[in-house]
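In what follows, chains carry the letters A, B, and so on, assigned in the order in which the sequence lines appear, proteins first and then strands, with residues in each chain numbered from 1.
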Amino acid sequence: MSKKIQAIRGMNDLLPDVSPRWQFFESRVRDLMQRYTFDEIRMPIVEQTALFARSIGEVTDIVEKEMYTFEDRNGDSLTLRPEGTASCVRAALEHGLLYNQTQRLWYQGPMFRHERPQKGRYRQFHQVGVEAYGFEGPDIDAEVILLSARLWQELGLTEHVTLELNSLGSSEARAAYRDTLVSYFEAHRELLDEDSLRRLASNPLRILDSKNPAMAEMLNGAPQLIDHLDEESRAHFEGLTAMLDAAGITYVLNPRLVRGLDYYCRTVFEWTTTALGSQGTVCAGGRYDGLVEQLGGKPTPAVGFAMGIERLILLLETLDLVPKEALGGCDVYLLPMDESTTIPALTLAETLRSAVPGLHLQLHCGGGSFKSRMKKADKSGATLALLLGPDELANDTITLKFLRQERDQQSLPQAALSATLAELLNLATATQPT
RNA sequence: GUGGGUGUAGCUCAGCGGUAGAGCCCCGGAUUGUGACUCCGGUGGUCGUGGGUUCGAACCCCAUCAUCCACCCCA
């Protein structure tokens, strides 16, 4: 066992029994993006290390200890992307997508973080991301939040997720508040616990979130973010909440909500669930107006979010929300009864696939006794079996057997088969049968 | 990076010092052209790996690896 080569820790194979759930989810997402007119962009999985260091923040956990970084053969430092936003900005800038224009983009794919795996958290995980560039007002913030809300609606998740909302203020206001807060904590250094001392350097806003009762009094006296919000950010946030109210979206204002990545400013939000254990965030994002400039572009407002696909699929599984039809499978199992009908069965299968494009037909392969062929027909999950033996071959007929209901099998002319199957399975026939 | 749980057949697990087990799955048979239900038979394991204790270790001890859950952090 241990000598066998196995998958890298935290990097999972998606086996055939779960891939239909992914396909179901992905097709819903793709459809939704088209309806909201977001265009797909695909970026490489590997980027220069500096891209992430400069965007995510040098002292964040992600950059400090969670990146898969290695040297290319020519000595360049490369990194497996830990998130998509930085790559997306890089790609958009590199190809002039942000020059005097707006963009509504989305992407999907694997991300990599070297963390200890646990439920809903893996070293290779997958995200769907949405990014909108060039829009200053809160309408686009509302638009992307509404898009996510509609996805929950269509997946049946609405009752199981909560939207939390906050504003961090402008980049300047946020930075100023951060400084104020750090000085406050420095002044009370002796009251800080070990975790908080570490956060003082990495993410001081997070200290406010500490549950340590010994620090409660000191935290209550800390300067509040809300008092440091600049006037424009306040108006922006009020605009957003008014739009969400008008759209009938319920949310919780969470003044403690702080995103981990350095580039966020103004609007931040998170969709959470209590159904997944400790990894409850299923989708999160916000505004990052300063990032494009930081990466060498003109100042460009931007909003986006990322969803964790593993977490959402886990949630769909837990709540049993994947419709049976989405699981695909086999409608019809066509079996030659012996070697003499192998080739006629093969050509008949092709004829049927042309005539009824929606048909999921499995042709029996691999020989075996008639009994074992029937067993395989049953195991395939098909509702119908088509039996082609020497007798049928001689008469140009086929035997149609119902595998899932008490109903006599019938013998039909092969010419009538495609129409019968289409009717039984409620499928359309090809407009121009070949 | 830290803490705890678990590693025995393809899968789910029992056995906890004395010859490695069950259920499911798979294969074959009872049934020559009829699957699922039933009955009968069969394939399959250096008990995660390495060391130690013992006359004897799947079982006790140590180490190591993997996995799960939690902390941290995050989607």
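- Across all strands shown, B:G35 forms no Watson-Crick or G-U wobble pair with both distances under 3.5 Å.
- The base of B:G33 is not paired with the side chain of A:Gln409 by any donor and acceptor separated by under 3.5 Å.
- Salt bridge status for A:Arg123 with A:Glu310: absent, with no side-chain N to carboxylate O gap under 4.0 Å.
- Using P as the reference atom, B:C62 and B:G4 are 13 Å apart when rounded to the nearest Å.
- Whole-Å rounding puts the A:Glu115 CD to B:C68 P distance at 14 Å.
- Using a cut-off of 4.0 Å between Lys/Arg side-chain N and Asp/Glu carboxylate O, A:Arg404 and A:Asp378 are scored as salt-bridged.
- Judged by atom type and distance alone, A:Arg9 does not reach the base of B:U67 through any side-chain donor-acceptor pair under 3.5 Å.
- Distance check on atom P: B:U19 versus B:C27 gives 34 Å, rounded to whole Å.
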*Would you sort out whether A:Glu83 and A:Arg81 count as a salt bridge (Lys or Arg N to Asp or Glu O under 4.0 Å), showing the intermediate values?*
CA-CA 5 Å; A:Glu83 57 114 34; A:Arg81 63 182 186 194; over 6 Å; no

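- When the side-chain nitrogen and oxygen atoms of A:Arg373 are compared with OP1 and OP2 of B:G33, none of them lie within a distance under 4.0 Å.
- In this structure, A:Glu83 reaches neither bases nor backbone, as no heavy-atom distance under 4.0 Å exists between it and the strands shown.
- Residue A:Ser278 has a polar side-chain atom (N or O) positioned under 4.0 Å from OP1 or OP2 of B:A70.
- A:Leu387 comes within contact range of at least one nucleobase, with a heavy-atom separation under 4.0 Å.
- Atoms NZ (A:Lys375) and C1' (B:C26) sit 9 Å apart, rounded to a whole Å.
- With both ends at atom C1', the span from B:C60 to B:C47 equals 15 Å, rounded to whole Å.
- Base contact: A:Asp391 has a heavy atom under 4.0 Å from a base atom.
- Map A:Arg198 and A:Ala7 each onto its nearest nucleotide of RNA chain B; the residue landing nearer the 5' end is A:Ala7.
- You can call A:Phe125 stacked on the base of B:A75; the centres are under 5.5 Å apart and the planes sit within 30°.
- The interatomic distance linking A:Glu310 (CD) with B:A75 (C1') rounds to 9 Å, in whole Å.
- For the P atoms, the distance from B:C59 to B:U53 is 15 Å, rounded to whole Å.
- Distance from the side chain of A:Ile62 is smallest for B:C74 among the nucleotides B:A36, B:A70, B:C74.
- On the P atoms, B:G42 is 32 Å away from B:G50, given to the nearest whole Å.
- Going from the C1' atom of B:C16 to that of B:C11 covers 23 Å, rounded to whole Å.
- Counting distance only, with no hydrogens placed and no angle test, the side-chain atoms of A:Arg311 and the base atoms of B:C74 include a donor-acceptor pair under 3.5 Å.
- One interatomic measurement links the two molecules: OH of A:Tyr122 to C1' of B:C74, which rounds to 14 Å at whole-angstrom precision.
- In this structure, the nucleotide among B:G28, B:C73, B:U34 sitting nearest to the side chain of A:Phe370 is B:U34.
- For A:Arg116, the listed nucleotide lying nearest its side chain is B:A70; candidates were B:G33, B:A70, B:C73.
- Taking the six-membered ring wherever Trp is involved, the centroid distance between the rings of A:Trp152 and A:His160 does not fall below 6.0 Å.
- When each of B:G35, B:C68, B:C71 is scored by its nearest atom to the side-chain atoms of A:Lys401, the top-ranked nucleotide is B:G35.
- Within the nucleic acid shown, A:Ala284 comes within 4.0 Å of sugar-phosphate atoms alone, with no base atom in reach, counting heavy atoms only.
- As a whole-Å value, the separation of A:Lys371 NZ from B:C26 P is 13 Å.
- Residue whose closest nucleotide on RNA chain B sits further toward the 5' end, between A:Ile8 and A:Asp61: A:Ile8.
- Whole-Å rounding puts the A:Asp408 CG to B:U34 P distance at 15 Å.
- The gap from the C1' atom of B:U8 to that of B:G48 amounts to 10 Å, rounded to the nearest Å.
- Across all strands, A:Gly120 comes closer than 4.0 Å to base atoms (heavy-atom distances).
- Using N1 to N3 plus N6-O4 or O6-N4 for Watson-Crick, or N1-O2 and O6-N3 for G-U wobble, each under 3.5 Å, B:A20 pairs with nothing.
- In the set B:A70, B:C26, B:A36, B:C26 carries the atom at the smallest distance from any side-chain atom of A:Lys379.
- For the side-chain hydrogen bond (donor to acceptor under 3.5 Å, both in side chains) criterion with A:Tyr288, the lone passing option out of A:Tyr263, A:Tyr264, A:Tyr133 is A:Tyr133.
- For A:Leu205 and B:C73, the CG to P distance is 13 Å, given to the nearest whole Å.
- Nucleotide B:A9 is matched to nothing when pairs are restricted to Watson-Crick or G-U wobble geometry with both distances under 3.5 angstrom.
- When the P atom is compared between B:U43 and B:G35, the two are found 25 Å apart, to the nearest whole Å.
- Ring-plane geometry between A:Tyr68 and A:Phe112 is classed as perpendicular, the angle between the planes exceeding 60 degrees on a 0 to 90 degree scale with a lower cut at 30.
- The CD-P distance, from A:Gln127 to B:C74, rounds to 13 Å in whole Å.
- The listed nucleotides are B:G35, B:A75, B:G33; the one nearest the side chain of A:Glu392 is B:G33.
- Side chain of A:Gln118, nearest nucleotide from B:C68, B:C71, B:G35: B:C71.
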May I have the list of side-chain donor-acceptor pairs in residues 46-56 of chain A shorter than 3.5 Å, sequence neighbours left out?
residue: A:Glu47; atom: OE1; partner: A:Arg90; partner atom: NH1; Å: 2.9
residue: A:Glu47; atom: OE2; partner: A:Ser87; partner atom: OG; Å: 3.3
residue: A:Glu47; atom: OE2; partner: A:Arg90; partner atom: NH1; Å: 2.5
residue: A:Thr49; atom: OG1; partner: A:Ser77; partner atom: O; Å: 3.0
residue: A:Thr49; atom: OG1; partner: A:Ser77; partner atom: OG; Å: 2.7
residue: A:Thr49; atom: OG1; partner: A:Leu78; partner atom: N; Å: 3.4
residue: A:Thr49; atom: OG1; partner: A:Leu78; partner atom: O; Å: 3.4
residue: A:Thr49; atom: OG1; partner: A:Thr79; partner atom: OG1; Å: 2.8
residue: A:Ser55; atom: OG; partner: A:Leu51; partner atom: O; Å: 2.8

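- Ion pairing of A:Asp39 with A:Arg104 is absent here, as no side-chain N (NZ or NE/NH1/NH2) approaches a carboxylate O to less than 4.0 Å.
- When all heavy atoms of A:Asp331 and A:Ala382 are compared, the closest pair comes out as O-CB, 3.4 Å.
- The side chain of A:Lys376 lies closest to B:C27 when the candidates are B:G33, B:C73, B:C27.
- In this structure, B:C71 and B:G1 make a Watson-Crick or G-U wobble pair, each of the two defining distances being under 3.5 angstrom.
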